[in-house]
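Beneath this line is the structure, given in structure tokens, with notes to follow.
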Amino acid sequence: VIMIVISEIHNNMEALKDMVKISNDHMSATIKIPKPDCGKKYSLEYIIAILNVFRVKAGIDKQAIEGIVKNEIYDLEVVVAKGKPAVNGVDGHYEFMFSDKKKKLTPFVNDNGTVEYIGTEEYTMVEVGDLLARYTHATSGEFGFTVDSRILSPRRGRELSPLVGSGFRIINEGTEYRAEISGKLEFTERRIVVSQVLDVNGDVDLARGHIDFNGDVIVRGDVITGMKVKSKGNVSVFGHVEGATIIAGRDIFIKQGMQGKGIGKLEAGGTIKGIFFEKSHLVTKGDVVANVIMDCVVEAKGRVLVEGKHGLILGGKVSSIENITAKTVGNEMEVVTKLSAGVDGAMNLRVAQLMGLIKKVEDEVDLLDRSAKIFERMALVKMTAELEDRRMKIVQVKIIKNAELKQYLQEFEYLMIEVDKGEQATIIIRDLAYRGTRIEIMGQRHNIRDTVRDVIFRIRNNEVIMEGNRA
């Protein structure tokens, strides 16, 4: 039947040639069929055969043709075929999970009512395993076609090269970038760096703002008066420090020294080291190492070593639990210079307080234990809701008291270690200690009334003694 229809169409090509029109882009085709002879009707197959003869073979809309046949639509152009455009592939792209924080310079009110106009420079901080970026691979696109069955090829999406940098790992077939370390995140369109070091290439001043960072901080310039640098790691300043505050979880290193102007302060969990410190307050759980310390307050849980070309401690008060070593202490002007080694009276008082607190809490825990046992025996006979409630309250109080006791015992153990160190504390002066120098070891005092040379001070029989230093 189909062959007969096609043969009939070919025999009438001249009459049918204006029925089918293909758009210039070959993406659509229309048909306009004449009214048939009386008693005749067109069929779906016949109209499709006409389209096929005129090379319209793809994207044929059978529903539109059925509408022509059913509704006897004659002498009107009807779209009966549509091509499908090729859909180009999408290029690969990255989505960054963190925004790029900028420094805030909004003024704020301090606790004392003054207005602070120095902002704190902010950083994007990430933890191990955080998702930093997600990559979506390029797509191939979709093929299209024209109504005359010509295939339209799409443009394939372009893949991007992997991001470069450090401190991250790539997983899930290159689609996820996750932090390998905790630290500061820096990123551009092509690079990710997770660093545990903040490198400040210049001064920490009003323009930059305060610094508060989880990792190490390196300052290539100076730290200006009024500024604050806080780090959970090390802080290294390659310039000098003025009346600023630096707090480090580990070590502090000041290459060009510090002139604190009476307001500068350093706090470290490790060693504080610098060529000189003047009019500054130094507090550390570790050692202090310097060439000159002038008119400072120094509090070190470790040692204080003032050596080098000058090795001078002049003025102020220098305290160390372990020992103090210096080349020269004081000067010919008899400037009062205080050196204190070992534990002070406040620590001894705290030890005594802790002993009393530990005894008190131990007695309370013992009483609670005995009360709990009484309720346990009563439960063997009959345990009412009221008794059970009282028993549970005793258990809860006992948990609180045990936690309190543990805290006191830990502090007591720590302080006893410090006391043991303090009992071995010494103060060594390798060259001169001038009149005006005041020595204190384990709370016992000794004033130097005449200049002495190359001596060592230690505690013996609860008294400070001075000996020649043979080391």
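Atom-to-atom distance recorded for T139:OG1 and E159:CD is 9.0 Å, nearest 0.5 angstrom. The distance from the CD1 atom of I218 to the CZ atom of F253 is 11.0 Å, given to the nearest 0.5 Å. To the nearest 0.5 Å, atoms CG (L160) and CG (D91) are separated by 7.0 Å. With rounding to the nearest 0.5 Å, the separation of OG1 in T328 from NE2 in H310 is 10.0 Å. Rounded to the nearest 0.5 Å, atoms CD (Q259) and CD (E242) are 8.5 Å apart. Here I171 contributes atom CD1 and L131 contributes atom CG; the two are 8.0 Å apart, rounded to the nearest 0.5 Å.
Between Y434 and M333 the shortest side-chain heavy-atom distance does not fall below 4.5 Å. Side-chain contact between R438 and R445 is absent, with no heavy-atom pair separated by less than 4.5 Å. A 4.5 Å side-chain heavy-atom check between K230 and K228 finds every atom pair outside the cut-off. In this structure, the side chains of R190 and L163 come closer than 4.5 Å at one or more pairs of heavy atoms. With a 4.5 Å cut-off on side-chain heavy atoms, F277 and L266 count as touching. Within the 4.5 Å cutoff, the side chain of L206 has no heavy atoms near those of the I224 side chain. Contact of the M442 side chain with the V343 side chain is registered, since non-hydrogen atoms from C-beta on lie closer than 4.5 Å. Considering only heavy atoms from C-beta on, M27 comes within 4.5 Å of T146 through its side chain.
In terms of modelled atom types and a separation under 3.5 Å, the side chain of R178 and the main chain of G129 share a donor-acceptor contact. The closest donor-acceptor contact from the side chain of T271 to the backbone of V288 lies at 3.5 Å or more, if one exists at all. When atom types are taken as modelled, the side chain of S23 and the backbone of S28 share a donor-acceptor pair closer than 3.5 angstrom. A donor-acceptor contact shorter than 3.5 Å links the side chain of S182 to the backbone of V128. In this structure, T284 contributes its side chain and G286 its backbone to a donor-acceptor pair below 3.5 Å. Side-chain N or O atoms of D366 include none that pairs as donor or acceptor with a backbone N or O of E362 at under 3.5 Å.
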- prompt: Taking it one step at a time, do I459 and V464 satisfy side chain to side chain contact (heavy atoms under 4.5 Å, CB included)?
  reply: CA-CA 5 Å; I459 195 79; V464 175; 4.2 Å; yes
task: Apply the test side chain to side chain contact (heavy atoms under 4.5 Å, CB included) to residues I374 and R370: give CA-CA distance (whole Å), side-chain angles for both, the deciding distance (0.1 Å), then the verdict.
output: CA-CA 6 Å; I374 291 172; R370 285 186 278 115; 5.5 Å; no
message: The test is salt bridge (Lys or Arg N to Asp or Glu O under 4.0 Å); show your working for R453 and D431 and say whether it passes.
response: CA-CA 5 Å; R453 180 187 296 271; D431 193 4; 2.7 Å; yes
- request: Test salt bridge (Lys or Arg N to Asp or Glu O under 4.0 Å) on K373 and D369 and set out the steps.
  value: CA-CA 6 Å; K373 290 177 181 178; D369 279 334; over 6 Å; no
- request: List the steps and the verdict of side chain to side chain contact (heavy atoms under 4.5 Å, CB included) for Q444 and E463.
  value: CA-CA 6 Å; Q444 302 302 312; E463 181 181 354; over 6 Å; no
message: Run the side chain to side chain contact (heavy atoms under 4.5 Å, CB included) test on R303 and N323 for me, step by step, so that the C-alpha distance in whole Å, both residues' side-chain angles and the decisive distance to 0.1 Å come before the verdict.
response: CA-CA 5 Å; R303 302 170 299 163; N323 62 70; 3.7 Å; yes
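Salt-bridge check for D389 with K393: passed, with a basic side-chain N closer than 4.0 Å to an acidic carboxylate O. Looking at E467 and R460, a side-chain N of the basic residue comes within less than 4.0 Å of a carboxylate O on the acidic one, giving a salt bridge. Using a cutoff of 4.0 Å between basic side-chain nitrogens and carboxylate oxygens, R208 and D203 are not scored as salt-bridged.
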Pair up each side-chain donor or acceptor in residues 293-301 with any protein partner under 3.5 Å, not counting sequence neighbours, and list the distances.
residue	atom	partner	partner atom	Å
D295	OD2	K279	NZ	2.8
E299	OE2	H281	NE2	2.6
K301	NZ	Y414	OH	3.3

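What you find for I429 and L432 is that their closest heavy atoms are CG2-O, 3.5 Å. Looking at every heavy atom in both residues, I394 comes nearest to S371 through CD1-CB, 3.8 Å. Across every non-hydrogen atom of S140 and P154, the tightest pair is O-CG, 3.8 Å.
Every residue two or more places apart in sequence or in another chain that forms a side-chain contact (heavy atoms from CB on, under 4.5 Å) with S340 is listed here: K317, S319, E440. In this structure, the side-chain hydrogen bond (donor to acceptor under 3.5 Å, both in side chains) partners of H240, at least two apart in sequence or on a different chain, are D222. Residues forming a salt bridge (charged side-chain N to carboxylate O under 4.0 Å, His left out) with K401 (at least two apart in sequence, or on another chain): E364, E404. For R158, the salt bridge (charged side-chain N to carboxylate O under 4.0 Å, His left out) test picks out no residue, with sequence neighbours left out.
Among pairs with a residue in residues 128-173, those fulfilling ring pair (Phe, Tyr, Trp, His ring centres under 6.0 Å) read Y94-Y135, Y135-H137, F168-Y177, at least two apart in sequence or across chains.
R435 and T451 share no side-chain donor-acceptor pair at under 3.5 Å.
Around the CZ atom of R350, the shell of radius 6.0 Å holds more than 12 heavy atoms that belong to other residues, nucleotides or ligands.
In this structure, F187 has its ring center at least 6.0 angstrom away from the ring center of F98.
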